[in-house]
Every structure is written in C-alpha cells, then in structure tokens.
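These values consider heavy atoms only, across backbone and side chains, with no hydrogens, waters or symmetry-generated copies. Here is the naming used below: chain letters follow the sequence lines, and residue numbers restart at 1 for every chain.
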2 protein chains.
Amino acid sequence: MAAPGHASKAVFVPVEMRPSQALRLWHDVSLGLVRDEDRDLTARQVTILLTVYLEPPPHTVRGLAAKLGVTKPAITRALDTLGAVKLLDRRRDDDDRRNVIILRTVEGALYVEKLGDLIVARAKDLPR
Amino acid sequence: MAAPGHASKAVFVPVEMRPSQALRLWHDVSLGLVRDEDRDLTARQVTILLTVYLEPPPHTVRGLAAKLGVTKPAITRALDTLGAVKLLDRRRDDDDRRNVIILRTVEGALYVEKLGDLIVARAKDLPR
DNA sequence: GCCTATCATTCCGCTTCCGAAATGATGGCC
DNA sequence: GGCCATCATTTCGGAAGCGGAATGATAGGC
C-alpha cells in the first residue's frame with residue numbers, strides 16, 4: 001500500500017482535490033480552530049501570520065499592507081493583537097529606523113506548525 | 001463515483017500533502033479571501049456556513065452551538081450576519097415551533113461553490 | 001540646516017462581536 | 001389548565017475591529 005505518511009522517501013504528490021473535498025477540508029479545519037481556541041484569529045491575522053512564517057524576511061507594515069490590500073493601521077492593529085499573544089514580535093529596523101521589522105517567535109512557529117499538522121491530518125481523513 | 005474534475009481517470013484521489021504545502025494553501029486561500037472581499041467572514045461564520053451546506057439538514061441553532069462549542073447567542077448573531085448578506089436563511093420549524101431551521105440560499109450556494117473552486121485552484125498551484 | 005517624503009502609529013467615531021443573563025414563545029407532562 | 005423544560009432571541013456592558021485623518025519619527029535631497 002502506498003500510504004506514504006511519514007515515509008522517509010520524499011513524497012512528491014501533486015495536491016489535487018475535488019471541490020467537495022476542498023470544502024470539507026476547509027470546514028473541518030475551521031471547525032477545529034473554532035472549537036479549541038477561545039479567541040480566534042481573523043482572516044487578516046492568519047494571513048499576516050502565515051505570510052511572515054512562509055515568506056522570506058524582512059517583513060514590514062507597509063509591505064504587508066500592500067500585499068493584503070488593506071490600510072497600514074489595520075496591519076498595526078493586527079500586529080498588536082498577534083504580538084499580545086506572542087505569535088509575532090516586531091523591532092525597529094536599525095538600518096532605516098522608520099521601518100519596523102516583523103519577527104517570528106518560538107510560540108508563533110509552534111502555532112503555525114500545529115496548524116500545518118492539523119490541515120494535513122484533516123486532509124488525510126477526507127472521503128475520497 | 002464519477003469525479004467530474006478534469007482528470008478523467010482519477011477515481012482514487014487521496015488528498016495528501018506536506019505540512020509546508022498545507023500552510024501555503026491556507027495562506028493563499030486566506031489571502032484571496034482577504035483581498036477580494038471588503039467584509040470578511042469570521043471563522044465561526046464560515047464554519048456555520050459550510051456546515052449548513054455540507055451536512056444533511058435540518059440544522060438548528062442549538063445543534064450548531066453544540067457542534068461548534070459556542071453559545072447559542074453567538075450562533076444567532078452569526079445567523080443574523082449571514083442572513084443579512086443572504087448567504088443563509090431561517091424559518092420556524094412548523095413541527096416544533098420552538099425550533100428554527102437554517103436554510104440554504106442560492107447566493108450562499110454560489111458563495112460556497114466559489115470558495116471550493118478557489119481552494120482547488122490554489123491547491124493546484126502549490127509547489128510540489 | 002531645511003524641506004519634504006516616507007515610515008509606523010495613534011486618535012476618532014462607528015460597527016461588530018463577545019459571554020452571561022434575562023426574556024419570550026412553545027411543547028410536554030401530570 | 002398548570003407547571004416546568006426547552007427552544008431562540010434580546011439585552012447588557014465591554015472588548016476589538018474598521019477606515020480615514022492626524023501625529024511623530026526618521027531619511028534623503030539640496
């Protein structure tokens with residue numbers, strides 16, 4: 001059986017799914033997030049979080065605002081929230097002190113890792 | 001099970017992905033949602049919406065509250081919002097008039113379908 | 001040194017969401 | 001019919017998000 005789960009060999013699998021599977025996956029993961037967290041992140045917050053953890057640094061408020069298509073205050077507020085729960089950190093850029101560099105944290109990395117595992121697990125359980 | 005995708009002979013479509021792909025997918029879809037909608041749905045709202053469209057009726061406030069692990073007022077409020085944008089509707093249950101049955105709408109079905117297509121498209125574009 | 005452009009943040013009024021408690025309507029049992 | 005259980009909703013005070021405008025800090029051209 002070619003169930004490659006943790007298999008040591010790299011599994012190059014094209015990720016294909018039917019719309020019904022996609023929706024079921026989105027539902028199952030969203031439900032997991034809603035259920036196990038008191039306070040859940042907004043779509044913006046999760047997008048910012050994943051951007052910072054998936055794309056190469058440096059990340060700035062301005063860059064994120066442009067990417068998400070929202071205003072800079074919206075980014076600042078989201079960073080306030082994400083910073084308060086330690087999922088992200090930020091620091092002045094020493095090269096250009098007008099900039100603020102958004103930084104990853106250990107807690108944030110763990111959260112993102114957990115989310116990735118959750119999605120993978122739910123994807124695995126999808127009906128074919 | 002005629003999987004109506006493009007893949008003619010893809011009967012077995014195991015949805016497997018690596019955590020990095022899963023996170024990239026979640027990011028890409030979230031970004032799409034953040035970018036193209038002024039007003040975006042909360043995790044609760046999207047979970048309710050998908051539950052109603054994916055799982056067999058009837059759906060009640062109480063049932064949804066239990067499933068999501070939140071209070072009934074939270075469900076009522078989410079239904080107010082989703083109803084205002086026509087993604088869901090609700091009606092008194094004539095058999096037991098204490099109950100409220102949550103109903104699908106044409107607009108909601110279109111929205112859900114669009115979401116499914118978005119996820120599938122983003123999944124297809126994932127790096128392998 | 002000034003002036004202006006460019007950062008991020010704070011302020012403003014407004015809307016939305018939250019949980020808990022109170023309310024209103026209905027059903028079921030005796 | 002009376003009483004209690006069970007629905008969903010409304011109310012309440014508080015927290016958080018929003019866009020737009022104003023503010024403060026820094027950089028760079030001159």
Side-chain angles (χ1 to χ4, degrees), chain A residues 30-31 33-52 57-104, chain B residues 30-31 33-52 57-104:
Chain A
S30 297
L31 177 59
L33 294 176
V34 167
R35 285 195 67 91
D36 82 11
E37 297 181 45
D38 265 5
R39 168 143 187 53
D40 51 29
L41 303 178
T42 68
R44 285 184 186 182
Q45 289 163 355
V46 78
T47 304
I48 291 172
L49 187 67
L50 290 179
T51 297
V52 171
H59 298 281
T60 64
V61 172
R62 170 170 176 61
L64 290 171
K67 170 166 179 169
L68 301 213
V70 300
T71 62
K72 284 190 293 181
I75 300 294
T76 294
R77 279 190 302 266
L79 293 177
D80 289 343
T81 301
L82 292 169
V85 292
K86 313 261 190 213
L87 295 180
L88 282 180
D89 197 6
R90 53 188 157 174
R91 194 202 319 150
R92 280 279 160 199
D93 179 0
D94 282 328
D95 292 342
D96 183 342
R97 298 192 52 76
R98 289 172 302 180
N99 288 331
V100 161
I101 305 295
I102 291 108
L103 301 167
R104 303 169 186 171
Chain B
S30 297
L31 178 58
L33 294 177
V34 167
R35 285 195 68 92
D36 82 10
E37 298 182 42
D38 266 3
R39 165 148 184 47
D40 51 28
L41 304 178
T42 67
R44 286 184 186 184
Q45 288 164 355
V46 76
T47 304
I48 290 171
L49 187 67
L50 290 179
T51 297
V52 171
H59 298 282
T60 63
V61 172
R62 169 160 185 67
L64 290 170
K67 170 166 179 168
L68 302 212
V70 300
T71 62
K72 284 189 293 181
I75 301 294
T76 293
R77 279 189 301 263
L79 292 177
D80 289 343
T81 301
L82 292 169
V85 292
K86 313 259 190 214
L87 295 180
L88 283 180
D89 197 6
R90 54 187 154 173
R91 193 199 320 150
R92 279 280 160 197
D93 179 0
D94 282 328
D95 292 341
D96 182 342
R97 297 192 51 77
R98 289 172 302 180
N99 288 330
V100 161
I101 306 295
I102 292 108
L103 301 167
R104 302 168 187 173

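Among A:Ile102, A:Thr47, A:Leu103, the single residue meeting the side-chain contact (heavy atoms from CB on, under 4.5 Å) criterion with A:Val52 is A:Ile102. With B:Leu64 as reference, B:Ile48 is the one residue of B:Ile48, B:Val70, B:Thr76 to meet the side-chain contact (heavy atoms from CB on, under 4.5 Å) rule.
Remark: P of D:dG17 and CG of A:Leu68 are 15 Å apart, rounded to the nearest angstrom. The CG-P distance, from A:Leu41 to D:dG17, rounds to 10 Å in whole Å. Between A:Ile101 atom CD1 and C:dC7 atom P there is a gap of 12 Å when expressed in whole angstrom units. Atom CG of B:Asp93 and atom C1' of C:dG27 are 12 Å apart (whole Å). To the nearest angstrom, P of C:dG28 lies 10 Å from CG of B:Asp95. Atoms CD1 (A:Ile48) and P (C:dA8) sit 12 Å apart, rounded to a whole Å. Separating the CG atom of A:Leu82 from the C1' atom of D:dA16 is a distance of 13 Å, rounded to the nearest angstrom.
Between atom CG of residue B:Asn99 and atom CG of residue B:Asp95 there is a gap of 9.0 Å, rounded to the nearest 0.5 Å. Of the inter-residue distances, the one linking A:Asp89 atom CG with A:Leu87 atom CG reads 11.0 Å to the nearest 0.5 angstrom.
Nearer to the 5' terminus of DNA chain D, by closest-nucleotide assignment, is the contact made by A:Thr71 (compared with the other of A:Thr71 and A:Asp94).
Inter-residue side-chain proximity for A:His59 and A:Thr51 is flagged as met; some heavy-atom pair is nearer than 4.5 Å.
The side chain of A:Thr81 contributes no N or O atom lying less than 4.0 Å from OP1 or OP2 of D:dA16. Phosphate proximity of D:dA16 to A:Gln45: absent, as no side-chain N or O sits under 4.0 Å from OP1 or OP2.
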Inset, instruction - Starting at the 5' end of nucleotides 7-12 of chain D, put B wherever the base has a protein heavy atom under 4.0 Å, S where only the sugar-phosphate does, and a dash everywhere else. - result: SBBB--
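Remark: B:Arg62 CZ is loosely packed, at most 12 non-hydrogen atoms of other residues, nucleotides or ligands lying under 6.0 Å away.
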